[in-house]
Amino acid sequence: MLQHDVVIVGSGLAGMSAALEICGQLDVAIISKVYPTRSHSGAAQGGIAASLGNSEPDSQEEHMYDTVKGSDFLGDQDAIEMFTRDAPEIIYQLEHMGCVFSRTGEGKIAQRAFGGHSHPRACYAADRTGHAILHVLYEQVMKQGKRISIYPEWYLMSLIIRDNVCRGIVIYDIRSGNFEVIRAKGVIFATGGYGRAYRITSNAFANTGDGIIAAFNAGVPLEDMEFVQFHPTGLFGQGILVSEAARGEGGYLINGKGERFMEKYAPAKMELAPRDIVSRSEQREIDEGRGIDGKDYIYLDLRHLGKEKIMERLPQVRQLGIDFIGMDCITDPLPIQPTAHYSMGGIPTDKDGHVIIDDKGTQLTGFFAAGECACVSVHGANRLGTNSLLDAVVFGKRTGIAALKFAKGPRLSDMKEDEVLAPVKERISAVFSSPGTESINDIRDELKENMMSNCGVFREKEGLNKGLEKVKELRERYKNGKITDKSKLFNNELIEVLELGHMLEFSEIIFKGAIAREESRGAHSRTDFPKRDDRNWLKHTLAYLTEDGIELKYKPVTITKYQPEERKY
Amino acid sequence: MIFSIQRFNPEKDTSPYFQDYEFEIPKSATLLDCMNLIKWTQDGTLTHRMSCRSAICGSCAVKVNGHTLLACKTQASKVIKDGKVKIEPMGNMEIIKDLVVDFGQFWEKIERIKPWLVPDESEKPEKERYQSIDDFRKIDAGSTCIMCASCYSDCCSLDVDKGFLGPTSLAKAQRFIHDSRDRERLSRTGEISDKGGIWDCTHCGECSERCPTEAKPLERITSLRRTAIALGITNNIGARHVKAFVDSIAHSGRLNENILPIRSMGLFNISGLMSLIPIGIRMMMRRKNPPIIHKPIDEAEDVRRIFRKLRKG
């Protein structure tokens, strides 16, 4: 059995930010299913928000209001206030660490416009902002040397909670096939989002919700899981991300009739309305036959920006178009479609990353979460672009500080290794001893198609119910899934089987939450309940695992400064 | 189409072997799409790394028809030759299983160049440190590296000298050495001018050829060499070699191969000079030695004029 004072699962922006607060004072470890620089934070392109006011006057209050409004008033305003207040300081810290940022003529950090933000607020490094921050944080981790232990390519198997106290985790070494138990005073999950269950997605193969499901199965509720953001500009075919920066820099969205159709849906903000609204507008155009040649995509047209601006500000976007669909955005419009992108829901936490298990603010001792896997909630029903990198760094840091403070106190609790290993080993042997009559690939494909068609940009009762039944059927078939690789060494077929299990589990929770929520708010859009219903639904969903399956409860939204109002752009 | 993929599971195999998979490439599929479909529909034991599938995480580099590239950003149809494509694990690294290699040494070499900014701590501004657009451009390309190791895999110098830092580390070093915010330019440049550093690159260009980003290591290495000379860090074989090379051409329009190794080693480097003797003898025995008397080319005066003009400008 291994031990650390604090163990962090996930090596993206949130996980590394937390580790950097703890190292040198307590023994801290980072566990990651990939090597740290492979984490999906690196795929974020357009920017990180902060009201620096480097290109025009801006304020924390406006950043807060934009975020509240963007969240369709489901965001908790105390958390949003703190989040937007911490933002400038965090950007300066990253810059002092050596983060590469594009610059203004004066040499300040450059800022560009982004959807739903009332001023140019996105600090950026060309269109590789996540990559720049991920690498600068990893540089700082390397600088700490042995003060941060890293377990690269280790996979989280379970979270150990006894008597409402978190005791540690069980992990699996992908390279050797061995299990280890890590005892810890504090455990931080920074395991990312759950968009991989959708056929069209911008997410990495790694984004399979392993952390949230480990927490859920250990008795932790999950909050607002029905809110899955669709990004308006996924490259047609697979949904590979084309940064919102493309529209921030002035790109147009064009339908099959050659119209800038956003005129109809958000006349003031046009292409720079928040993502939920733009994705819905695109989907409506496509559904009503106004896609390009009547097909299921529309155009993102950047040609009028000119070669120079594209090469300077959007080099990666251009390269992605060339590599993945053979189109150069300097000369051709890019075919795009909405793509599953960001998970607003996740493990409920307070402003310092403490995991909260009910509507009364009860903490789960020693368990923390930060970044996309957490639900604070600063994004509510719809996240604004560039607020996710900020979320990961701000809450990663705050959670690191809170976990450090906490873990200085208690002693490591005793644990029987065999007892916590037994259920994990049982699970693995069940996978290996399955009758093998079902193809894992078929089940995964059917799940992804089911999520797209029944729980996508638009939802309605009949489809949701059908979709839920389908997930239940797939969960049964999954028990008979076939695995061919029986070796211990680097068995990533086994990992894929486990990941699919997690995707099936959280998909059921998404459906349950979506069926219950009879309103349209942010990314959750019900065609049978097209209006937001503040009287009945201005509340967060909490999904619990009970003996009878998933049970839904609710908790109120924290409203401080801004009363809900109609959301217009 | 035939996908001929190198397999190796040390649990049961004594050495790597090729396995052929017959597979029809779906329309506009990437190489990674194909490898995944082969794994998911034909052989679940086939093992490779991947994550973002949008060319930013750096997980999926493999050798394709002998050259390393990112499987996710490569159209499969473009690498098929005569109905076949050969896929192998990256080079210069140990194989763990199939196409998965051990990055241990790769990361050790990254850590060796002190890969973090060392700013001037005496003045810590309240806000950001200012950096001009021109200064940003000096580090922009180098900082786009995704650590995929494509350059490392195909590096010829590494192939013969495991002590070489390698293109990735040197490109990473450039990103700090040319960062207007870093205070250790001189010591950093000194360290990478030693053995295993910038002068051990043979500038074959494979690294920049394979690089899937704008990092292009050879360009970074070249700019570091210029910096080293400009900073006067010339007391090493590499810098002396460059100087002797240039002097020889400037003088006679042709390389004096008798003098070059001696001047590269350094006139007072006795043990270094001694080490040249057996090489010289072997060359003579095989009649590979250059003429004893070095003759300038006929147009040597033209070359000298070019040099004079260059040095003035």
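Everything quoted here is computed from the prediction, not taken from an experiment. Every chain is numbered from 1, with letters handed out A, B, ... down the list of sequences.
A salt bridge is absent between Arg137(B) and Asp140(B); no separation between the charged side-chain nitrogens and carboxylate oxygens falls under 4.0 Å. A salt bridge does not link Lys108(A) to Glu95(A): none of the charged nitrogens lies less than 4.0 Å from a carboxylate oxygen.
For chain A, no part of Asp135(B) is nearby; none of its heavy atoms comes within less than 4.5 Å. Looking at Gln93(A), there are no atoms closer than 4.5 Å to chain B (heavy atoms on both sides), in backbone or side chain. With a 4.5 Å cut-off on non-hydrogen atoms, Cys99(A) touches chain B through its backbone but not through its side chain. Of the atoms belonging to Gln45(A), not a single heavy atom falls under 4.5 Å from chain B. If you measure heavy-atom distances from Ser39(A) to chain B, you find no contacts under 4.5 Å at all. Using a 4.5 Å cut-off between heavy atoms, Gln316(A) touches chain B through its side chain atoms alone. Proximity to chain B is limited to the side chain of His40(A), based on heavy atoms less than 4.5 angstrom apart. Heavy atoms closer than 4.5 Å to chain B are found in the backbone of Met97(A), but not in its side chain. Looking at Tyr138(A), the atoms closer than 4.5 Å to chain B (heavy atoms on both sides) all sit in the side chain, from C-beta outward. With a 4.5 Å cut-off on non-hydrogen atoms, Asn36(B) touches chain A through its side chain but not through its backbone. Proximity to chain B involves both the backbone and the side chain of Leu489(A), based on heavy atoms less than 4.5 angstrom apart. With a threshold of 4.5 angstrom between heavy atoms, Arg181(B) approaches chain A through side-chain atoms but not through N, CA, C or O. With a 4.5 angstrom heavy-atom cutoff, Leu70(B) does not touch chain A via any of its atoms. With a 4.5 Å cut-off on non-hydrogen atoms, Ser176(A) does not touch chain B at all. Only the side chain of Lys172(B) comes within contact range of chain A, judged by heavy atoms closer than 4.5 Å. Looking at Thr30(B), the atoms closer than 4.5 Å to chain A (heavy atoms on both sides) all sit in the side chain, from C-beta outward.
When each of Lys486(A), Glu496(A), Gln319(A) is scored by its heavy-atom pairs under 4.5 Å with chain B, the top score falls to Glu496(A). Ranked by non-hydrogen atom pairs under 4.5 Å with chain A, the options Lys127(B), His48(B), Glu126(B), Glu111(B) are led by Lys127(B). When each of Ala206(A), Ser102(A), Ala126(A) is checked for heavy-atom pairs under 4.5 Å with chain B, Ser102(A) comes out on top. Most heavy-atom pairs under 4.5 Å with chain B: of the set Lys482(A), His135(A), Lys33(A), this distinction falls to His135(A). Most heavy-atom pairs under 4.5 Å with chain A, from the set Asp43(B), Ile110(B), Thr41(B), Thr144(B): that is Thr144(B). Counting heavy-atom pairs closer than 4.5 Å to chain A, the top-ranked of the candidates Glu214(B), Lys78(B), Gln75(B) is Gln75(B). By number of non-hydrogen pairs under 4.5 angstrom with chain A, the leading residue of Arg175(B), Lys114(B), Met50(B) is Met50(B). Counting heavy-atom pairs closer than 4.5 Å to chain A, the top-ranked of the candidates Pro119(B), Ala55(B), Pro125(B), Pro10(B) is Pro125(B). Residue with the most contacts toward chain B among Glu493(A), Glu139(A), Arg38(A): Arg38(A) (heavy-atom pairs, distance under 4.5 Å). Most heavy-atom pairs under 4.5 Å with chain A: of the set Cys148(B), Pro115(B), Cys72(B), this distinction falls to Pro115(B). If you tally non-hydrogen atom pairs under 4.5 Å between each of Ile440(A), Asp442(A), Asn203(A) and chain B, the highest count goes to Asn203(A).
Side chain of Thr45(B) to backbone of Asp485(A): no donor-acceptor contact under 3.5 angstrom is found. The backbone N or O of Gly481(A) lies less than 3.5 Å from no partner atom in the side chain of Glu438(A), so there is not a single donor-acceptor pair. Counting only distance, with no hydrogens or angles, the side chain of Ser208(B) and the backbone of Leu218(B) share a donor-acceptor pair below 3.5 Å. Checking side-chain atoms of Glu184(B) against main-chain N and O of Val118(B) turns up no donor-acceptor pair under 3.5 Å. Proximity of a side-chain donor or acceptor of Ser180(B) to a complementary backbone N or O of Gln131(B) within less than 3.5 Å is not detected. Side chain of Asn54(A) to backbone of Gln111(A): no donor-acceptor contact under 3.5 angstrom is found. Of the possible donor and acceptor atoms, none in the side chain of Arg112(B) sits under 3.5 Å from a partner among the backbone N and O of Ser169(B). Side chain of Thr339(A) to backbone of Ser202(A): a donor-acceptor contact under 3.5 angstrom is found.
With sequence neighbours excluded, the residues that form a salt bridge (charged side-chain N to carboxylate O under 4.0 Å, His left out) with Asp328(A) are Arg318(A). With sequence neighbours excluded, no residue forms a side chain to side chain donor-acceptor pair (under 3.5 Å) with Arg220(B).
No option in Asn207(A), Leu447(A), Ile443(A), Asp210(A) other than Leu447(A) meets the side-chain contact (heavy atoms from CB on, under 4.5 Å) test with Met503(A).
Taking a 6.0 Å sphere around CD of Glu308(A), one finds it holds 12 or fewer heavy atoms contributed by other residues, nucleotides or ligands.
One finds the CZ atom of Arg175(A) at 3.5 Å from the CD1 atom of Ile96(B) (value rounded to the nearest 0.5 Å).
Below 30°, between 30° and 60°, or above 60°: for Trp107(B) and Tyr35(A) the angle between ring planes is below 30°, a parallel geometry.
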